[in-house]
Each structure stands twice: as structure tokens, then as C-alpha cells.
Amino acid sequence: MRRAGLGEGVPPGNYGNYGYTNSGYSACEEENERLTESLRSKVTAIKSLSIEIGHEVKQQNKLLAEMDSQFDSTTGFLGLCLI
């Protein structure tokens with residue numbers, strides 16, 4: 001099936017870049033590469049930060065569990081002292 005207007009008005013040999021000049025197409029590609037690399041570095045930084053947050057949360061949960069255990073021990077001790 002032929003699409004209407006496909007290739008019309010484009011000089012022969014320019015079908016691969018859809019009518020863009022080579023320098024304009026290259027500039028777009030370079031900008032896309034730059035933006036992609038910037039995004040990649042941001043995603044990497046966010047990933048590292050989220051991993052660090054995960055480690056910190058695990059450590060804090062461990063400390064809270066120890067505190068809970070100590071409070072339970074203290075509550076039991078105080079309960080015995082009051083009797």
C-alpha cells in the first residue's frame with residue numbers, strides 16, 4: 001500500500017534523512033546524545049541515592065528494633081520495682 005505524499009518534494013537521494021540537511025540532522029543527533037547522556041547521569045545519581053537511602057532505612061529500622069527491645073526490658077524492670 002502506497003502512502004500519499006511519501007517522498008514527494010524531496011530530491012532523490014535524501015530519503016534516508018527525510019529531507020533534513022546533513023548538518024541539521026547531525027546537530028539534532030548531537031543534541032539528543034548530549035541530552036541522553038545528561039539524563040543517564042541523573043538517573044545513575046538517583047539510583048545511587050535511592051540505594052543509599054535503602055541502606056540507611058535498614059540501619060535505622062535495626063536501631064529502632066533495639067530501642068524497642070530496650071524499652072520493653074526497662075518497662076519490665078520498672079514494673080518489678082514498683083511491686
Side-chain angles (χ1 to χ4, degrees):
M1 177 176 191
R2 183 175 187 275
R3 292 185 180 172
L6 184 62
E8 293 177 9
V10 178
N14 284 340
Y15 295 108
N17 59 15
Y18 303 101
Y20 294 111
T21 61
N22 287 337
S23 62
Y25 182 74
S26 177
C28 286
E29 285 297 312
E30 288 175 13
E31 183 179 5
N32 283 343
E33 289 296 324
R34 182 182 59 79
L35 293 172
T36 300
E37 186 57 38
S38 174
L39 183 61
R40 183 176 295 127
S41 67
K42 290 175 184 177
V43 168
T44 301
I46 290 172
K47 180 181 176 184
S48 297
L49 183 61
S50 66
I51 290 171
E52 289 178 28
I53 289 172
H55 292 305
E56 183 68 24
V57 166
K58 287 178 184 176
Q59 183 180 6
Q60 294 293 327
N61 281 339
K62 182 180 175 184
L63 290 173
L64 287 172
E66 290 173 4
M67 286 176 57
D68 185 44
S69 176
Q70 290 174 356
F71 282 132
D72 285 344
S73 298
T74 304
T75 302
F77 177 73
L78 289 175
L80 291 175
C81 290
L82 296 175
I83 294 179

Under the rule for side chain to side chain contact (heavy atoms under 4.5 Å, CB included), what residues qualify as partners of Glu31, not counting sequence neighbours?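 Checked Glu31 against side chain to side chain contact (heavy atoms under 4.5 Å, CB included); matches are Arg34, Leu35.
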About how many Å separate SG of Cys28 and CD of Glu33, when rounded to the nearest 0.5 Å?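 Atom-to-atom, Glu33:CD and Cys28:SG are 12.0 Å apart.
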Considering only distance and modelled atom types, tabulate donor-acceptor pairs under 3.5 Å from the side chains of residues 38-47, sequence neighbours left out.
unit_1, atom_1, unit_2, atom_2, d
Arg40, NH1, Glu37, OE1, 2.7
Ser41, OG, Ser38, O, 2.8
Thr44, OG1, Arg40, O, 2.9

N/O donor to acceptor pairs below 3.5 angstrom from side-chain atoms of residues 64-71, sequence neighbours left out:
none

